[in-house]
Amino acid sequence: MIKKLEISSEHQYNNHRLFQRILEPELMEDSKQVQAYAQADFSEPNEYFLQNLKALIGMIGFEGYALDLGCGPGDISCRFAKAYPSARVDALDGARAMLDYAESIVPSELSARVCFIHGKLPTISLPRRRYDLIFSNSLLHHLPEPQALWNFVKRYAGNGTRIAIMDLFRPQSVQQAKEIVEMYAATEPEILQRDFYHSLLAAFTPEEIEEQLREAGLNFEVERISDRHVFISGTFIIK
Ligand SMILES: C[S@@+](CC[C@H](N)C(=O)[O-])C[C@H]1O[C@@H](n2cnc3c(N)ncnc32)[C@H](O)[C@@H]1O
């Protein structure tokens, strides 16, 4: 039987248009949560992310060093490495349990090109000073302070680095968040439904992301690409 998602009184209080974001825990360290997330089938959104990333990269393809921020169980890092055989990927996550899972599933033919790094942005120092491509899926909404991501991007991007970031955006009400969960995750385990719901409430609106980019001095495009996803892309130019 599918259990209906219950909304707490705090969330009901916020059930009005343009409600404030409600933070969720930054790192995904709880073992049950990691297991449920890592074993869930995210092939559809992950492929969707990759399609958008490929459109940004274009026909010429990609050679060089890519950085995956908040890589979680590493599915997107590996899909990317498979799609671009001349690419190397440094994949960063602050949750050791996520990386343990990622390291256990990386196919042997990719292991020389995909390097998982345990550390938390913005304080971690990465092995390279610059990356040719920086991408990230579903990290931004975890951050209490969004400029942590944009400052980190500026720190590791060089002239011409391409940027591709996908995240959820916050719906207009908690009721709408609940409807999205029911529409896309009704048959998922309850822990995943709950995480998805909390992620929607913690996410930024596209307008808030545009404001963050203005504040950071980054000229990237912000596009709603589905009823719940926003895609932020562009090329980093040193002025
Ligand atoms: C929702 S998961 C997304 C994982 C993966 N990108 C995907 O699309 O499947 C977000 C990940 O970001 C990680 N994370 C959150 N804040 C972080 C930070 N400040 N530095 C590094 N990783 C962080 C979490 O531990 C979690 O694994």
Side-chain angles (χ1 to χ4, degrees), residues 21 23-53 66-83 89-106 114-127 131 133-153 155-156 163-170 181 184-185 188 191-204 212 225-226 228-232:
R21 70 186 290 235
L23 278 178
E24 63 174 348
E26 183 172 2
L27 298 181
M28 292 177 70
E29 292 181 299
D30 175 77
S31 60
K32 282 205 184 99
Q33 185 190 31
V34 170
Q35 199 182 6
Y37 190 90
Q39 289 175 354
D41 180 7
F42 285 117
S43 51
E44 204 184 310
N46 291 356
E47 268 308 311
Y48 187 51
F49 173 73
L50 216 61
Q51 272 172 29
N52 282 282
L53 182 57
L67 175 62
D68 180 1
L69 297 175
C71 65
D75 184 58
I76 291 181
S77 329
C78 291
R79 282 174 194 267
F80 175 82
K82 240 180 243 160
V89 187
D90 281 350
L92 172 75
D93 204 283
R96 184 66 256 174
M98 278 291 188
L99 293 184
D100 287 344
Y101 188 88
E103 280 159 0
S104 75
I105 56 117
V106 63
V114 181
C115 173
F116 291 106
I117 300 170
H118 182 217
K120 198 173 159 191
L121 66 87
T123 45
I124 174 98
S125 285
L126 296 175
Y131 288 85
L133 169 68
I134 300 177
F135 64 85
S136 174
N137 181 50
S138 279
L139 166 70
L140 180 61
H141 72 264
H142 278 270
L143 302 175
E145 170 42 64
Q147 289 303 333
L149 173 60
W150 306 123
N151 287 333
F152 203 70
V153 165
R155 184 165 143 205
Y156 285 101
I163 312 295
I165 289 168
M166 187 166 92
D167 209 315
L168 298 165
F169 66 80
R170 192 165 78 250
V181 175
Y184 295 104
E188 299 293 348
I191 188 167
L192 271 187
Q193 290 191 40
R194 211 159 272 280
D195 270 359
F196 184 23
Y197 174 66
H198 288 141
S199 294
L200 287 164
L201 301 191
F204 294 98
Q212 293 163 18
I225 54 168
S226 80
R228 59 202 188 285
H229 293 111
V230 60
F231 193 70
I232 304 135

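Counting starts at 1 for both ligands and their atoms, in listed order. Note that the structure is a prediction, hence the values are computed from the model and not measured.
By the criterion of a heavy-atom distance under 4.0 Å, the side chain of L143, and not its backbone, is placed next to ligand 1. With a 4.0 Å heavy-atom cut-off, ligand 1 is reached by the backbone of K120 and by its side chain too. At a heavy-atom distance under 4.0 Å, no atom of I124 approaches ligand 1.
In this structure, a donor-acceptor pair under 3.5 Å is absent between the side chains of Y37 and D195. Inspection of the D167 and S138 side chains reveals no N or O donor paired with an N or O acceptor under 3.5 Å.
Atoms of ligand 1 lying under 4.0 Å from any heavy atom of L139, numbered from 1 in the order shown and given with element: 12 (O), 14 (N), 15 (C), 16 (N), 17 (C), 23 (C). Residue-ligand proximity, I76 to ligand 1, at heavy-atom distances under 4.0 Å covers atoms 8 (O). Against a heavy-atom cut-off of under 4.0 Å, S138 is close to the following atoms of ligand 1: 1 (C), 2 (S), 3 (C), 10 (C). The ligand atoms of ligand 1 that sit less than 4.0 angstrom from a heavy atom of C71 are 4 (C), 5 (C), 6 (N). Each of the atoms 25 (O) of ligand 1 lies under 4.0 Å from some heavy atom of A95. The ligand atoms of ligand 1 that sit less than 4.0 angstrom from a heavy atom of M98 are 27 (O).
Within the 3.5 Å criterion, the main-chain N or O of W150 finds no donor-acceptor partner in the side chain of R155. Distance alone, capped at 3.5 Å, is enough to place a donor-acceptor pair between the R21 side chain and the H141 backbone. No donor-acceptor pair under 3.5 Å is formed between the side chain of D68 and the backbone N or O of S136.
Shortest contact from atom 22 (N) of ligand 1 to any protein heavy atom: G94 N, 3.1 Å. In this structure, the protein non-hydrogen atom closest to atom 20 (N) of ligand 1 is L121 N, 3.0 Å. Nearest to atom 2 (S) of ligand 1 among the protein's heavy atoms is M28 SD, 3.6 Å. Atom 26 (C) of ligand 1 has as its closest protein heavy atom D93 OD2, 3.5 Å. Regarding atom 4 (C) of ligand 1, its nearest protein heavy-atom neighbour is G70 O, 3.3 Å. The nearest heavy-atom contact from the protein to atom 16 (N) of ligand 1 is E26 CG, 3.2 Å.
Centroid-to-centroid, the aromatic rings of F196 and Y184 stay 6.0 Å apart or farther. Ring-centre distance between F204 and F169: not below the 6.0 Å cut-off.
By heavy-atom distance, the residue among H142, E145, Q33 lying nearest atom 1 (C) of ligand 1 is H142.
Taking distance alone, with nitrogen or oxygen atoms compared against 3.5 Å, Y37 approaches ligand 1 more closely than that limit. For a threshold of 3.5 Å applied to N or O pairs, the pair formed by L92 and ligand 1 contains no separation below that value. Residue contacts with ligand 1: N137 is placed with a nitrogen or oxygen under 3.5 Å of a nitrogen or oxygen of the ligand (distance criterion only).
When E24, H142, R194 are each tested for a side-chain hydrogen bond (donor to acceptor under 3.5 Å, both in side chains) with S199, only one passes: E24.
Of all non-hydrogen atoms in R79 and S43, the two that sit nearest each other are NH2-CB, 3.3 Å.
Between P122 and ligand 1 there is no heavy-atom distance shorter than 4.0 Å.
Side-chain contact between F116 and D90 is absent, with no heavy atoms from C-beta onward closer than 4.5 Å. By the 4.5 Å heavy-atom criterion applied to side chains, M166 and I225 are counted as neighbours.
Classification of E103 and R96 as a salt-bridged pair holds, one side-chain N sitting under 4.0 Å from a carboxylate O.
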